[in-house]
Amino acid sequence: MNYFVVVDVTLRKGIADPEGSTIERALPALGFTGVTNVHAGKSFRFDVEAESEEAALEKATSLAERLLSNPVIEDALARIGER
Amino acid sequence: MARIGVVVFPGSNCEYDAAAGVTRLGDQAEFVWHTRTDLDGIDGVILPGGFAHGDYLRPGALARFSPVMGAVERFAATGGPVLGICNGFQVLVEAGMLPGALQKNRGLTFLCQPTTLVVSSTSSVLTRGATIGQELVVPINHFSGSYTCDDETHDELVRNGQIVLRYKDNPNGSRDDIAGVANNSGNVVGLMPHPERAMSTLLGSADGMVLLESFLGVKVAPFVLAH
């Protein structure tokens, strides 16, 4: 089976996020008030050939930890996505 | 005469500056293409600045999987001196050869300016010829140079004297003003500033010579960790 997987990579809690805070500061100027806790991250999407959803997610998590994220500063979360 | 391997990844752009620094101090520089898997006859390795593999994903994230990195890790494991400058430093942290990580600069701007560094440890191949508290003017040229690590790692770095250089006036938000760190044995060092671009007063500063001389001197007098 082919599974469509989405991996979100975000900065770990406590790690400075200058991109997120810059975006947050820019929002009021555009009239968007009441938006807080803005965090910037990366999103990856790909197909994984696997026996089951679990196996697909396991493979995606493994490659996300090895390559897509830097575990020193980032968390990676894999999920089955909708096309 | 020491033979220094300057690793060249697709996208490296400071390899000639690094090689010029080495030859200027009387040693021999040899370019090592990133697909090479041996470092036979090499006395020291420099990972130069640039944008290895386009810096795609994260700086250094793809370069760490280049075939040459296996050889660099083996070389370092036997005590061989390894120096990562700027992008080379980013490659070394991604490879896990140095602790911590390098994030985007605090102000989200690319910084290209002279900085004043303060030597804070001489227990490394890069700083053993310097003196603690010595100030060196060396330029930086980076977007992702803000050093970060968790508290536990930071305590360890301080305890072992692994923080080798600090910024006098922190330009990028680095934790504890860190500009360069060493591994626990002191033979692997990474720094964001470019000592190879501070080799002549005519071009602004010759303070980088102190650092490169230390690094190259390892061949003459083998490095033994002081702490």
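Here is the naming used below: chain letters follow the sequence lines, and residue numbers restart at 1 for every chain.
- Within 6.0 Å of CD in A:Glu49 there are more than 12 heavy atoms belonging to other residues, nucleotides or ligands.
- More than 12 heavy-atom neighbours from other residues, nucleotides or ligands sit within 6.0 angstrom of CD on B:Gln113.
- How far CG of A:Leu67 is from CZ of B:Arg58: 6.5 Å, rounded to the nearest 0.5 Å.
- In terms of heavy-atom proximity, A:Asn70 sits nearest to B:Ala101 at ND2-CB, 3.7 Å.
- Within a 6.0 Å radius of CD in A:Glu58, no more than 12 heavy atoms belonging to other residues, nucleotides or ligands are found.
- Around CG of B:Asp169, the count of heavy atoms belonging to other residues, nucleotides or ligands within 6.0 Å does not exceed 12.
- A donor-acceptor pair under 3.5 Å is formed between the side chain of A:Lys42 and the backbone N or O of B:Leu57.
- Contact of B:Arg64 with chain A is made through the side chain alone, with heavy-atom distances under 4.5 Å.
- Looking at A:Glu74, the atoms closer than 4.5 Å to chain B (heavy atoms on both sides) all sit in the side chain, from C-beta outward.
- Interface residue A:Leu11: only side-chain heavy atoms are found under 4.5 Å from chain B.
- Atom CZ of A:Phe44 has more than 12 neighbouring heavy atoms from other residues, nucleotides or ligands inside a 6.0 Å radius.
- Other residues, nucleotides and ligands place no more than 12 heavy atoms under 6.0 Å from the OH atom of B:Tyr56.
- Neither the backbone nor the side chain of B:Asp150 comes within contact range of chain A, judged by heavy atoms closer than 4.5 Å.
- Remark: the backbone N or O of A:Ala16 is paired with a side-chain donor or acceptor of B:Gln103 at under 3.5 angstrom.
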